[in-house]
Amino acid sequence: MEQKRIRIGITQGDTNGVGYEVILKTFTEPTMLELCTPIVYGNPRIATYHRKGLGLNTNFASIQQAGEAQDDRLNLVVIDDTEVKVDLGQPSPEAGQQALKSLERALADYRSGKIDVLVTAPINKHSIQSETFRFPGHTEYIQDRVGKGEEAVMILMNQQLRVALVTTHLPISQVPSAITQEAILAKLRILNQSLCRDFAISGPRIAVLALNPHAGENGLLGTEEQEVIIPAIEQATQEGINAYGPYAADGFFGNRAYEYYDAVLAMYHDQGLTAFKALAMEDGVNYTAGLPIVRTSPAHGTAYDIAGKGEANENSFRQAIYAAIDIWRNRQSDNEARVNPLPKLYHDRREDDRRPFRPAAE
């Protein structure tokens, strides 16, 4: 049977950045329209401005409601048709308002079942702030609006590496107090479940990074490893989660130990994302795991420095589309398997031979 085309809601992001460029470049390829029905939430005047300025021939059809979206074309739900100044490469309140309108409309349509998944273009976290958006970023806002009480885990990923975070958009001075045994356990549980359900991995293996240099050197450089992280790993192991560590981040990434794990749990934002973006900037995807909604985004930001120059690489955005489709389908397969418990039991018990395994060196 022919698989249903997934309705992908796409936010326009910050309109002074590269959001429209990567969206339009992605759907220049006709084969992308065979995989999904894309529905952009945006301002057609701004979209046209970017398309003409970049010399792209990507066509889109303006519609008023997501229900009007058709297959085999790029659909744009009109959230606003007013003249808005586009100041390429510059943050502005107007660009932030456009980004928020797009996000709010897309989430409203998700709640009413008009789209299946969400792919977000980059925002400026300062410009988007308003009375209704007082969050550090997309992840926290989406968790609040459609999380249904569930907790999110940010995962940065490509085909070779998945990096999840215990803390996300938090000042570095606040990180140590936020690294608790309960927080690590909560993230490990969500990450483990996501690897099983969203990525169809049986018995996933998770590497846990240390907080301090050299994993604390047995307490010489900090006691968080001994007092917090190791007990969390031990508890997770008792619960059946294959968690290992803690590993010093520099050596772990430096000797490519991540190749032997299905995911890595980092303690804070830059610990995990600096290494990830150095290894996978062009095809990296940001996935918000743990929530009912499937939401992905490119791993890069607004890229103001190259906005409007035609230099933005759309591969990360394209991979975000692919990832959203794959995760949605994996969830559907998992739901179907649970209807009949015997096949699901067999699936859970099979050995995962996707990665060779050896514990990373300390």
Side-chain angles (χ1 to χ4, degrees), residues 7-24 26-27 37-51 53 58 60-69 74-147 169 286 288 291 293-298 301-304 307-308 317 320 324:
R7 296 165 298 172
I8 297 188
I10 300 170
T11 62
Q12 65 181 353
D14 188 289
T15 52
N16 292 339
V18 298
Y20 269 117
E21 180 174 346
V22 296
I23 293 169
L24 294 170
T26 294
F27 290 102
T37 300
I39 305 171
V40 179
Y41 292 84
N43 183 315
R45 295 177 186 268
I46 297 175
T48 300
Y49 177 91
H50 280 273
R51 183 180 64 185
T58 312
F60 61 85
S62 295
I63 57 179
Q64 297 303 312
Q65 303 289 336
E68 302 170 14
L74 181 61
N75 303 275
L76 188 145
V77 173
V78 179
I79 62 162
D80 185 357
D81 195 23
T82 60
E83 289 282 358
V84 178
K85 181 181 179 182
V86 177
D87 194 2
L88 291 170
Q90 299 297 322
S92 73
E94 293 79 12
Q97 291 169 9
Q98 287 290 312
L100 182 55
K101 283 183 180 180
S102 176
L103 182 57
E104 288 179 331
R105 181 71 178 273
L107 289 178
D109 278 1
Y110 168 77
R111 285 191 292 266
S112 60
K114 295 176 182 176
I115 60 174
D116 298 309
V117 300
L118 179 66
V119 178
T120 57
I123 60 172
N124 180 303
K125 294 177 178 60
H126 178 74
S127 299
I128 200 173
Q129 297 297 317
S130 69
E131 290 298 321
T132 57
F133 193 107
R134 296 187 179 278
F135 299 88
H138 267 129
T139 302
E140 297 81 3
Y141 179 82
I142 293 170
Q143 174 180 301
D144 181 78
R145 291 298 189 266
V146 296
H169 303 113
N286 181 354
T288 304
L291 302 184
I293 190 173
V294 174
R295 175 259 171 169
T296 64
S297 71
T302 56
Y304 284 147
F317 188 85

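By convention here, the first residue in the shown sequence is residue 1. Note: hydrogens, waters and symmetry copies are ignored here, and every other heavy atom, side chains too, is used.
- Contact of the E21 side chain with the H50 side chain is not registered, since no non-hydrogen atoms from C-beta on lie closer than 4.5 Å.
- Rounding to the nearest 0.5 Å places CD of Q98 at 15.5 Å from OH of Y41.
- The closest side-chain heavy-atom distance from I128 to Y141 is not below 4.5 Å.
- Looking at every heavy atom in both residues, P91 comes nearest to Y304 through CA-OH, 3.5 Å.
- Of the possible polar contacts, none joining the S127 side chain to the G96 backbone as a donor-acceptor pair under 3.5 Å is found.
- For the atom pair OG1 of T296 and CD1 of I8, the computed distance is 7.5 Å after rounding to the nearest 0.5 Å.
- Residues I23 and V119 have side chains not in contact (no heavy-atom distance under 4.5 Å, counting atoms from C-beta outward).
- A donor-acceptor pair shorter than 3.5 Å can be found between the side chains of S92 and N16.
- Nearest approach of D81 to P44, heavy atoms of both residues: OD1-CG, 3.4 Å.
- Using a 4.5 Å cut-off on side-chain heavy atoms (C-beta onward), D80 and I46 make no contact.
- Across all their heavy atoms, N43 and Q12 have their closest contact at N-OE1, 3.2 Å.
- The two atoms that bring N75 and I63 nearest to each other are CB-CD1, 3.9 Å, heavy atoms only.
- Note that CZ of R145 is 6.5 Å distant from OG1 of T132, once rounded to the nearest 0.5 Å.
- Judged purely by atom type and a 3.5 angstrom limit, E140 uses its side chain to pair as donor or acceptor with the backbone of G137.
- Two residues are said to be in side-chain contact when any heavy atoms from C-beta on lie closer than 4.5 Å; V146 and R111 meet this criterion.
- Taking 4.5 Å as the limit, some side-chain heavy atom of R295 sits within range of a side-chain heavy atom of N286.
- Closest approach of A99 to I123, counting heavy atoms only: CB-CG2, 4.0 Å.
- Taking both residues in full, the closest heavy atoms of P122 and G19 are given as CD-CA, 4.4 Å, listed atom of the first, atom of the second, then distance.
- Using a 4.5 Å heavy-atom threshold, the side chains of Y110 and L118 count as separate.
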